[in-house]
Amino acid sequence: MTNGIPEAEIKRICPICGQDDYIDWYHPPQSPGPVVQCKGCGFVYVSPIQSTQGLIQEGPVLGDRPVRLLESSNLEDVKGSWEEPIIINHMKELDAKKANAHDALHHIHSLVSQHGKLLDIGCFCGIFLGTAAEAGWDCYGIEPLVMPAVHARARFGLKVTTDTLRENTYPAGFFDVITAFQVFEHIIHPEKELEKIDNILKPGGLLLVEVPTIDTFTVKLLGTRHRHFVQDHVSFFSAETLSNLLRRKGFQVRKVYYPTRALSVQHIVWWVGRYSQALSKSIVSLMPAGLLNKPIHINLKDIVAIIAEKN
């Protein structure tokens, strides 16, 4: 409900096969609507979307703040904003996130012979792009949240557009590689996003899409309490359904892998605390303080990444 006016539900058909016949699957309390599974192709998605409060359908997310922030590269502008604590916590994980960035670049470099122009969609505060720039890529980013975009420009000197991707944001065939980490689960029309990506990617260019996967034992174990089911997730892919969507949009799947994540011990303690504050506090009390920021590597196979080539 917005300003006392009920929101109109968004009824979706399957964005992969176009069918409107599904199985009622889950009703997670944090989800923006019921989670269903397409009878035709098995894709899992939210329909109808009953609340868009947590969704970014079109950017930039500026609110009542001055328009100059859309191009600001001044870290002082970030101070005092509601996004600042989120960015600070994100940057506390810098070493772990750079390790994850290097891992993704390793997979990209295994399929390309030279560096060129790279776009990261939903680049947040720029850690992946900053790492890619250090590796020799000509980096561009797009980020609808204003303050993370300001941070990316200020901290890493990046070319970041504060917006969602539009048909005319970049010239046709402009990029050699496009990445989207943890983005497609938020998108109501992933098939349309791929059409925009296809337009700005060179023939033979690569697209890396990383998403939470619904095809994991942790979803079966935790059910509606799983971390995938939150107010801004509306599309739930598996390796199979994401591959099918990419192929239907003219991409050739080149590589499928399940990334190993570097996470600080502090981050894991925070995650445990979502389910048991008592257990979280016990871990902290038993652990030397110096170990809390140490990165460890974990792979629950609840994230899948696919690299595809534009035909």
Side-chain angles (χ1 to χ4, degrees), residues 15-16 55-62 70-71 73 101 104-105 107-133 135-146 148-149 152-153 156-211 234-235 237 242-256 305-311:
I16 295 181
L55 303 183
I56 300 173
Q57 298 186 67
E58 188 172 311
V61 182
L62 186 62
L70 296 178
E71 298 183 358
S73 56
L105 288 169
H107 288 284
I108 292 170
H109 292 160
S110 71
L111 297 173
V112 298
S113 57
Q114 60 185 12
H115 299 161
K117 288 184 173 63
L118 183 151
L119 170 68
D120 188 28
I121 299 172
C123 67
F124 198 58
C125 59
I127 295 175
F128 171 76
L129 276 183
T131 308
W137 288 90
D138 180 12
C139 290
Y140 296 73
I142 190 158
E143 171 56 50
L145 295 176
V146 174
R153 290 188 290 264
F156 299 104
L158 296 167
K159 300 183 284 283
V160 173
T161 299
T162 310
D163 205 350
T164 47
L165 184 62
R166 303 174 188 272
E167 293 180 358
N168 61 350
T169 306
Y170 303 103
F174 191 66
F175 293 104
D176 299 278
V177 171
I178 297 176
T179 57
F181 298 96
Q182 308 287 315
V183 169
F184 270 71
E185 65 270 26
H186 303 275
I187 297 176
I188 296 175
H189 299 291
E191 73 286 8
K192 294 180 181 178
E193 193 76 4
L194 282 176
E195 290 169 5
K196 289 182 281 188
I197 289 171
D198 179 74
N199 181 56
I200 59 177
L201 190 60
K202 293 179 180 178
L206 296 181
L207 168 64
L208 188 160
V209 177
E210 179 193 284
V211 289
V234 294
S235 297
F237 295 91
L242 181 54
S243 295
N244 287 342
L245 176 61
L246 288 164
R247 292 189 186 103
R248 286 174 183 267
K249 290 300 173 181
F251 289 86
Q252 176 188 355
V253 174
R254 295 288 304 278
K255 194 170 194 177
V256 179
I306 295 182
I307 303 178
E309 180 180 334
K310 176 179 174 177
N311 292 328

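Given the structure is predicted, the values throughout are model-derived calculations rather than measurements.
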Close side-chain approach of [X] and [Y], heavy atoms under 4.5 Å:
X      : Y      : answer
Ile56  : His186 : no
Phe251 : Glu309 : no
Glu193 : Ile121 : yes
Thr162 : Leu62  : no
Ile306 : Ser243 : yes

Donor-acceptor pairs under 3.5 angstrom involving side-chain atoms of residues 197-205: please list them, not counting sequence neighbours.
unit_1 : atom_1 : unit_2 : atom_2 : d
Lys202 : NZ     : Asp176 : OD1    : 3.2

Contacts of type ring-ring contact (aromatic ring centres under 6.0 Å, His included), residue Phe237, not counting sequence neighbours: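 Listed in chain order: Phe43.
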
Can you name the residues that form a ring-ring contact (aromatic ring centres under 6.0 Å, His included) with His115, not counting sequence neighbours?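 Once residues adjacent in sequence are excluded, the partners of His115 under the ring-ring contact (aromatic ring centres under 6.0 Å, His included) criterion are His109, Trp137.
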
Given side-chain contact (heavy atoms from CB on, under 4.5 Å), test Val177 with Thr179 step by step and report yes or no. CA-CA 7 Å; Val177 171; Thr179 57; 4.2 Å; yes

Identify, with sequence neighbours excluded, every residue that meets side-chain hydrogen bond (donor to acceptor under 3.5 Å, both in side chains) alongside Ser110.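 By the side-chain hydrogen bond (donor to acceptor under 3.5 Å, both in side chains) rule, Ser110 matches Lys255.
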
Decide, yes or no, whether a salt bridge links Glu71 with Arg153 under the criterion of side-chain N to carboxylate O below 4.0 Å.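 Looking at Arg153 together with Glu71, the answer is no, because their closest N to O distance does not fall below 4.0 Å.
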
After noting the C-alpha distance and the side-chain angles of Ile188 and Gln57, does the key distance pass the side-chain contact (heavy atoms from CB on, under 4.5 Å) rule? CA-CA 8 Å; Ile188 296 175; Gln57 298 186 67; 3.5 Å; yes

Not counting sequence neighbours, list each pair that qualifies as a ring-ring contact (aromatic ring centres under 6.0 Å, His included) and has a residue in residues 163-184.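 Checked against ring-ring contact (aromatic ring centres under 6.0 Å, His included) - neighbours excluded - the pairs reaching residues 163-184 are Phe128-Phe181, Tyr140-Phe174, Tyr140-Phe175, Tyr170-Phe175.
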
Checking Glu210 side chain against Gln182 main chain: does a donor-acceptor pair fall under 3.5 Å?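 No: the side chain of Glu210 does not pair with the backbone of Gln182.
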
Taking Asp120 for its side chain and Gly141 for its backbone only, find out whether a donor-acceptor pair lies under 3.5 Å.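 No; zero donor-acceptor contacts below 3.5 Å.
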
Does anything in residues 180-192 form a salt bridge (charged side-chain N to carboxylate O under 4.0 Å, His left out)? List the pairs, not counting sequence neighbours.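 As it turns out, there is no salt bridge (charged side-chain N to carboxylate O under 4.0 Å, His left out) pair with a partner in residues 180-192 once direct neighbours are skipped.
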
Please test Leu129 against Phe156 for side-chain contact (heavy atoms from CB on, under 4.5 Å), starting from the C-alpha separation and ending with a verdict. CA-CA 8 Å; Leu129 276 183; Phe156 299 104; over 6 Å; no

